[in-house]
K.L.:
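Would you mind keeping the following structure in view while I ask a few things?
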Amino acid sequence: MFDDSIAKMQAALERGEPMARVEDMPVEQAEALAAAVRKRPSGPRIAAVIDRGCFSSCMNFLQQISAIADTVVLGEPTIGYSPYGEIGPYKLPSGNGVITLPSAIFAGAQATREPFVPAFRYRGDMADEAALKAWVKATLATIQPAAR
């Protein structure tokens, strides 16, 4: 099952598609679904707002949603990527400290320690929630479906 899914994902990447359909369905149905998703008249289906504090699991989640058609990323660049998506603190037996160990590692196309850069950069104060919300709303309103 996994080998079949991997082959379908590799074929999609070779065609330049950011998303692969691993379920079997008629080609016509798959193409109609893909066309409907890519051509939404109301703008992007998913919008993510990130800031420099987006790290580890946040960045892994961002990689996953960025692979979906009609996704836009807004905000400010992150400080860097860690491939450790899940970490856990383990208390030392002495009680004098804690070691934090990764319990999962994620592989992705993004280079380790490279920041994620949003498609639309916010240059204001990320802590000013009202201004940020107004900017997000205005930015999303300007995105034309044909431009993506």
Side-chain angles (χ1 to χ4, degrees), residues 1-25 27-90 98-148:
M1 180 178 88
F2 289 119
D3 290 338
D4 183 54
S5 295
I6 289 170
K8 289 176 180 177
M9 288 186 276
Q10 287 175 328
L13 288 172
E14 288 170 8
R15 291 190 302 269
E17 298 175 4
M19 188 169 60
R21 186 164 329 285
V22 295
E23 294 178 18
D24 288 325
M25 66 174 56
V27 174
E28 299 81 16
Q29 182 182 355
E31 289 174 354
L33 181 58
V37 168
R38 288 190 188 101
K39 296 179 182 174
R40 292 176 188 273
S42 59
R45 178 170 52 153
I46 300 173
V49 179
I50 62 171
D51 65 11
R52 65 183 149 272
C54 179
F55 185 77
S56 198
S57 293
C58 170
M59 294 178 83
N60 176 259
F61 178 71
L62 187 62
Q63 283 180 322
Q64 292 178 38
I65 65 169
S66 293
I68 300 171
D70 288 349
T71 298
V72 65
V73 180
L74 310 142
E76 64 183 9
T78 65
I79 58 172
Y81 169 61
S82 167
Y84 302 112
E86 297 173 12
I87 56 173
Y90 297 94
V98 174
I99 295 177
T100 304
L101 299 173
S103 59
I105 186 165
F106 298 108
Q110 182 83 23
T112 302
R113 301 201 196 331
E114 290 294 318
F116 282 25
V117 179
F120 296 89
R121 185 170 180 168
Y122 181 63
R123 301 209 183 265
D125 180 1
M126 294 292 289
D128 185 345
E129 190 174 327
L132 177 61
K133 284 182 178 181
W135 176 82
V136 167
K137 186 175 180 179
T139 301
L140 291 176
T142 65
I143 298 174
Q144 299 297 317
R148 282 174 304 190

K.L.:
If you define the side chain from C-beta out and look only at heavy atoms, does anything of Leu62 sit under 4.5 Å from Phe116?
P.N.:
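SC-SC contact between Leu62 and Phe116 confirmed.
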K.L.:
Any side-chain hydrogen bond (donor to acceptor under 3.5 Å, both in side chains) pairs touching residues 115-126, not counting sequence neighbours?
P.N.:
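Pairs touching residues 115-126 that pass the test: none.
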K.L.:
Among residues at least two apart in sequence or on other chains, which ones pass side-chain contact (heavy atoms from CB on, under 4.5 Å) with Phe61?
P.N.:
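For Phe61, the residues satisfying side-chain contact (heavy atoms from CB on, under 4.5 Å) (neighbours in sequence not counted) are Ile65.
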K.L.:
Measure the spacing between CZ of Phe120 and OG1 of Thr142 and express it to the nearest 0.5 Å.
P.N.:
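It is 6.0 Å, given to the nearest 0.5 Å.
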K.L.:
Looking at CG of Asp51 and CG of Leu132, how far apart are the two atoms once the value is rounded to the nearest 0.5 Å?
P.N.:
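Rounded to the nearest 0.5 Å, the CG-CG separation comes to 9.0 Å.
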K.L.:
Restricting to side-chain hydrogen bond (donor to acceptor under 3.5 Å, both in side chains), what partner residues turn up for Arg52, sequence neighbours left out?
P.N.:
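Arg52 satisfies side-chain hydrogen bond (donor to acceptor under 3.5 Å, both in side chains) with Glu76 once adjacent residues are dropped.
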K.L.:
For a quick test of reading the model, state the closest non-hydrogen atom pair linking Val73 to Pro118 and the distance between them.
P.N.:
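Closest approach of Val73 to Pro118, heavy atoms only: O-CB, 3.4 Å.
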K.L.:
Go through it in stages, so that I can follow the logic: the residues are Leu74 and Trp135, the test is side-chain contact (heavy atoms from CB on, under 4.5 Å), and I'd like the CA-CA distance, side-chain angles, deciding distance and then a yes or no.
P.N.:
CA-CA 10 Å; Leu74 310 142; Trp135 176 82; 3.7 Å; yes
K.L.:
The criterion is side-chain hydrogen bond (donor to acceptor under 3.5 Å, both in side chains); which residues satisfy it with Glu129, sequence neighbours excluded?
P.N.:
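Lys133.
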